[in-house]
Protein chains: 2
Amino acid sequence: MSARREAVRQALSGYSGFRSAQDLYTDLRAEGSKIGLTTVYRALQALSDSGEVDVLRTDDGEAVYRACDTESHHHHIVCRVCATAVEIEGPTVEKWAAEMGAKHGFSGVTHTVEVFGTCADCS
Amino acid sequence: MSARREAVRQALSGYSGFRSAQDLYTDLRAEGSKIGLTTVYRALQALSDSGEVDVLRTDDGEAVYRACDTESHHHHIVCRVCATAVEIEGPTVEKWAAEMGAKHGFSGVTHTVEVFGTCADCS
DNA sequence: TCATATTTTGACAACCGTTTTCGTTTTCGT
DNA sequence: ACGAAAACGAAAACGGTTGTCAAAATATGA
């Protein structure tokens, strides 16, 4: 694990939600790092391959990443217009995901859930 | 509904699964249509807006479409090792997401759910 | 240590699916 | 049939991602 790769991992674990490669790149540069965008992508790919981060695609095709060892587990409902996020709890979903995993013979089951909508102020 | 748009809809309903815009374009050209790729995209966008087709993103960011008549919205449980995906149904989650949206004053609520784990073969 | 092999890095270009642009063609109402 | 509005297609633009390649960092070993 090189220093740069570790920096990306650190940057990602600083956030509880999902973060795009470009976001992470901006974060790192803002902190003074001289890392390149290419390296951020490579680091994320490596971390993804080794199962240390989860990847998913947003509706507009952008890849977003999350450190998948987060214990403080919660979800968000995000406004499409103003991007405000409200934390929501979901024992229902947690249970459902675990059940689905068991049902299909999967172990070490984790899940990602994001809810989108238009908030009261913006609609 | 223009003739071209109707042709795209027809082409899509000819398949039971998901089909990309470019696939549909190739199909239509093969049938002798002189439709342009741009129009295929526009037709799919219109059909998607009006709720006549479902859209989702493949892991490599490509948008795929499906005529949504009988089939319903579903999710996947993906193996971390071999990337096999199993379709799972989640009335539980659908309901939960809708409830959460209503509870916090959000309208037009959608959600993304991905479940990860290690499948029986890979563990 | 020093020299050499290997890996990692980052600027930049290439890639590819998608969207925008813009001039032309078709459709639709009157 | 006429004019306005919508739809069309070719090509260019766009944006996120991946490939290229030479330089820099790191590991290896004599």
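Labels below follow one simple rule: chain letters A, B, ... track the order of the sequence lines, proteins then strands, and each chain is numbered from 1.
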Under the salt bridge (charged side-chain N to carboxylate O under 4.0 Å, His left out) test, residues paired with Glu6(A) that sit two or more places apart: Arg9(A)
Under 4.0 angstrom, heavy atoms only, what part of the nucleic acid is Thr39(A) near: base, sugar-phosphate, or nothing? base
Contact boundaries on DNA chain C for chain A, cut-off under 4.0 Å to non-hydrogen atoms: dT8(C) to dC12(C)
Residue list, side-chain hydrogen bond (donor to acceptor under 3.5 Å, both in side chains) with Gln45(B), at least two apart or on another chain: none
If you link I, L, V, M, F, W and Y whenever their side-chain heavy atoms are under 4.5 Å apart, who else ends up in the same group as Leu56(B)? Phe18(B), Val64(B)
CZ-CZ distance between Arg42(A) and Arg5(A), expressed to the nearest 0.5 angstrom: 8.0 Å
Does a donor on one side chain sit under 3.5 Å from an acceptor on the other, for Tyr41(B) and Gln22(B)? yes
Result of checking Val40(A), Thr39(A), Leu28(A), Val8(A) against Ser33(A) for side chain to side chain contact (heavy atoms under 4.5 Å, CB included): Leu28(A)
Ring centroids only, cut at 6.0 angstrom: are His75(A) and His111(A) within range, meaning strictly under it? yes
Base-pair map of DNA chain C as dot-bracket, where | denotes pairing with a different strand and pairs are Watson-Crick or G-U under 3.5 Å: ||||||||||||||||||||||||||||||
Could you pull out the protein-nucleic contacts involving nucleotides 16-24 of chain D (nitrogen or oxygen on both sides, under 3.5 Å)?
residue, atom, partner, partner atom, Å
dT17(D), OP1, Ala63(A), N, 2.7
dT17(D), OP2, Tyr41(A), OH, 2.3
dT17(D), O5', Tyr41(A), OH, 3.3
dG19(D), O6, Thr38(A), OG1, 3.3

Which pair of heavy atoms, one from Ile35(A) and one from Arg29(A), lies closest together, and at what distance? O-NH1, 2.6 Å
Please examine the side chains of Met100(B) and Val109(B), heavy atoms only from C-beta on, and report whether any two atoms are closer than 4.5 Å. no
Does any part of the side chain of Phe106(B), heavy atoms only, come nearer than 4.5 Å to the side chain of Thr118(A), both counted from C-beta? no
Does dC8(D) have OP1 or OP2 under 4.0 Å away from a side-chain N or O of Ser2(B)? yes
